[in-house]
Amino acid sequence: MFYQGGIREFVTWLNRNQDVLHEPVIYMSGQKNDAIAEIAMQYNDGYNERILSFANNVHTPEGGMHEDGFKRALTAVLNQYGHRMKLLKDDEKVSGEDCREGLACVISVKLTEAQFEGQTKAKLGNSNIRTLVNNIVTERLGIFLEENPKEARIILDKALTASRAREAAKKARESIRRKTGLESGQMPDKLQDCNERDPSLCEIYIVEGDSAAGSAIQGRDSRFQAILSMWGKMLNVEKARPDKIYGNDKLYPMIVALGAGIGSEFNINKLRYHKIIIMADADVDGAHIRTLLLTFFFRYMRPLIEMGYVYSAVPPLYKLIRGKTTRVAYSDQERDKISAEMRAGNPNAKIEISRFKGLGEMDPHELWETTMDPEKRSLRRITLGDAVLADEVFTILMGEQVEPRKQWIEKNAMYAVNIDI
């Protein structure tokens with residue numbers, strides 16, 4: 001891989017679908033003995049941080065000492081500058097999370113004796129690199145802020161806005177807990193829970209619409225299957241801050257039902273179900289709902305996807321009836337194959353073929369037999385894959401920028417199937 005502009009160009013590429021807050025990309029580098037470190041960073045107007053770190057050109061997805069050194073220095077420098085310029089009150093501070101909102105950053109270090117934790121080399125353990133990166137950022141970023149007061153004010157204002165939003169989210173969270181009695185463990189009204197309490201044996205179906213949820217509740221195995229009903233289009237979290245998420249009447253019941261919190265408070269050990277199954281109609285609206293939910297999981301509950309706990313149900317598309325025989329098909333190809341099988345020996349046999357318009361049309365026993373029975377159903381496990389690519393896709397599909405989304409649709413329209421006319 002080769003970038004004409006080095007890691008600065010990499011950061012520009014990361015932000016290509018975003019509105020950046022300053023130009024150019026901030027670049028810092030330094031060396032001590034045999035260790036070299038480079039850092040490139042640029043803020044955008046989004047709410048998500050993207051930090052990519054490398055050691056000897058090996059990607060370190062779990063970070064390590066080089067990321068720790070950067071994060072500590074970034075937080076300290078912004079707070080020191082804010083107090084010195086009277087942009088922060090004496091007792092006011094912005095947290096590390098606030099300082100990294102909307103940040104795209106690439107950290108690259110090179111050293112002769114790299115110490116990686118684990119067989120996959122996912123985390124760097126050299127403590128001297130933390131000191132080197134910390135010193136570089138403390139000195140060079142401090143100089144940049146002093147020499148570029150306009151950009152410095154924009155960056156600090158971004159962190160301050162994030163801090164206020166975080167406080168608003170905290171108040172919203174506490175307010176909702178008081179109103180709903182969640183401190184006593186009360187579950188949302190839309191949740192029909194299962195009897196099993198071992199999370200590894202439990203699964204929850206997230207179903208859109210009361211009609212489909214009603215069939216799912218009647219058709220499920222209540223020993224281990226829980227049903228959470230949702231209604232209408234949920235919040236697009238790609239365009240919302242955490243305080244809006246906690247106050248959202250569709251998202252918050254799901255947060256409570258799963259039990260693991262969100263964002264920096266997320267704790268996978270508190271998760272109440274190890275199979276989270278999105279069950280939406282096999283049409284454009286259903287695809288939109290799945291995308292909204294997956295955007296939420298990716299941004300605020302990413303370990304769910306990383307650990308393979310998120311699935312998409314695969315409901316049938318067609319019902320085929322010949323006399324007293326009824327079968328279902330999950331694709332056009334399967335429909336044609338089953339139709340031929342049902343006509344075997346009698347080419348003129350009349351077969352009634354109907355397309356399911358939605359999950360709500362299915363009887364409870366149909367929904368169980370085709371979509372919920374572990375012995376017969378098909379589930380698609382949602383995997384993270386390339387985190388950078390996933391982040392880019394979510395930004396394009398759900399972000400503020402219209403032009404990148406238009407270009408993506410024009411490029412991929414030829415692959416679309418089953419589009420409602």
Side-chain angles (χ1 to χ4, degrees), residues 1-16 18 20-44 48-82 84 94 96 99-117 121-156 158-159 387-388 391:
M1 290 170 54
F2 173 73
Y3 290 90
Q4 186 70 40
I7 61 173
R8 276 174 283 207
E9 186 177 336
F10 197 168
V11 169
T12 300
W13 182 83
L14 290 175
N15 271 337
R16 69 193 184 284
Q18 302 278 7
V20 298
L21 298 184
H22 60 87
E23 294 281 6
V25 172
I26 302 170
Y27 175 78
M28 301 163 277
S29 65
Q31 179 175 357
K32 184 174 182 180
N33 300 325
D34 61 347
I36 302 172
E38 291 181 279
I39 305 99
M41 55 181 281
Q42 185 182 46
Y43 285 88
N44 59 64
N48 305 296
E49 68 175 82
R50 287 184 287 180
I51 298 178
L52 295 178
S53 60
F54 301 83
N56 293 344
N57 291 335
V58 176
H59 179 36
T60 46
E62 295 180 16
M65 293 298 177
H66 46 344
E67 281 196 25
D68 290 347
F70 169 76
K71 291 176 180 178
R72 291 184 184 186
L74 175 67
T75 306
V77 169
L78 289 183
N79 276 290
Q80 289 166 6
Y81 181 83
R84 188 165 62 253
V94 285
C99 294
R100 298 191 300 272
E101 183 182 280
L103 174 66
C105 177
V106 175
I107 304 166
S108 177
V109 300
K110 294 185 173 68
L111 61 169
T112 54
E113 298 292 336
Q115 300 169 6
F116 294 103
E117 297 181 14
K121 297 186 177 182
K123 190 173 184 179
L124 184 66
N126 299 71
S127 58
N128 63 310
I129 284 295
R130 177 175 59 194
T131 303
L132 175 61
V133 173
N134 187 298
N135 290 342
I136 292 171
V137 175
T138 299
E139 177 186 352
R140 305 295 168 81
L141 183 59
I143 293 173
F144 175 86
L145 297 178
E146 292 290 346
E147 294 180 347
N148 300 272
K150 179 182 176 181
E151 288 77 6
R153 181 62 184 261
I154 290 172
I155 292 171
L156 196 59
K158 174 76 170 172
V388 176
D391 187 274

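Quantities reported herein were computed from a predicted structural model and do not represent experimental measurements.
Side chain to side chain, N79 and T75 fail the donor-acceptor criterion of an N or O pair below 3.5 Å.
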Test side chain to side chain contact (heavy atoms under 4.5 Å, CB included) applied to L156 and L145, step by step: CA-CA 10 Å; L156 196 59; L145 297 178; over 6 Å; no

Residues V109, M65; criterion side chain to side chain contact (heavy atoms under 4.5 Å, CB included); working and verdict: CA-CA 10 Å; V109 300; M65 293 298 177; over 6 Å; no

Derivation of the side chain to side chain contact (heavy atoms under 4.5 Å, CB included) call for C105 and I39: CA-CA 7 Å; C105 177; I39 305 99; 3.9 Å; yes

Trace of the side chain to side chain contact (heavy atoms under 4.5 Å, CB included) decision for R50 with Q18: CA-CA 12 Å; R50 287 184 287 180; Q18 302 278 7; 3.7 Å; yes

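Every side-chain hydrogen bond (donor to acceptor under 3.5 Å, both in side chains) that N44 has, sequence neighbours left out, goes to N15. Scanning for salt bridge (Lys or Arg N to Asp or Glu O under 4.0 Å) contacts around R130 gives an empty result, with sequence neighbours left out. Legend: residues meeting salt bridge (Lys or Arg N to Asp or Glu O under 4.0 Å) with K158, ordered by chain and number and at least two apart, are E101. E117 pairs by the salt bridge (Lys or Arg N to Asp or Glu O under 4.0 Å) definition with nothing, not counting sequence neighbours.
Under a 3.5 Å cut-off, the side chain of Q31 and the backbone N or O of N33 do form a donor-acceptor pair. Within the 3.5 Å criterion, the main-chain N or O of L52 finds no donor-acceptor partner in the side chain of H59. In this structure, the side chain of R8 does not engage the main chain of Y27 through any donor-acceptor pair within 3.5 Å.
The shortest non-hydrogen separation linking A35 to N128 is CB-ND2, 4.4 Å. Considering every non-hydrogen atom in both H22 and M41, the closest pair reads CE1-O, 4.0 Å. Nearest heavy-atom pair across A159 and C99 is CB-CA, 4.1 Å. Scanning both residues, A104 and V11, for their nearest heavy atoms gives O-CG1, 3.8 Å. The minimum heavy-atom distance linking N126 with Q115 is given by the pair OD1-N, 2.7 Å. Scanning both residues, M28 and V137, for their nearest heavy atoms gives SD-CA, 4.0 Å.
With rounding to the nearest 0.5 Å, the separation of CG in L74 from CG in L103 is 6.5 Å.
Across L141, I51, I136, a single residue satisfies side-chain contact (heavy atoms from CB on, under 4.5 Å) together with F70, and that is I51.
Shown here is K110, whose NZ atom has more than 12 heavy atoms of other residues, nucleotides or ligands within 6.0 Å.
A salt bridge (charged side-chain N to carboxylate O under 4.0 Å, His left out) check over residues 62-75, counting only residues at least two apart or in different chains, returns the pairs E67-K71. For residues 139-151, every residue pair satisfying the side-chain hydrogen bond (donor to acceptor under 3.5 Å, both in side chains) rule, not counting sequence neighbours, is listed here: R84-E146.
Contact check for V133 versus I129: side-chain heavy atoms found under the 4.5 Å cut-off. Looking at F116 and T60, their side chains come closer than 4.5 Å, going by heavy atoms from C-beta outward.
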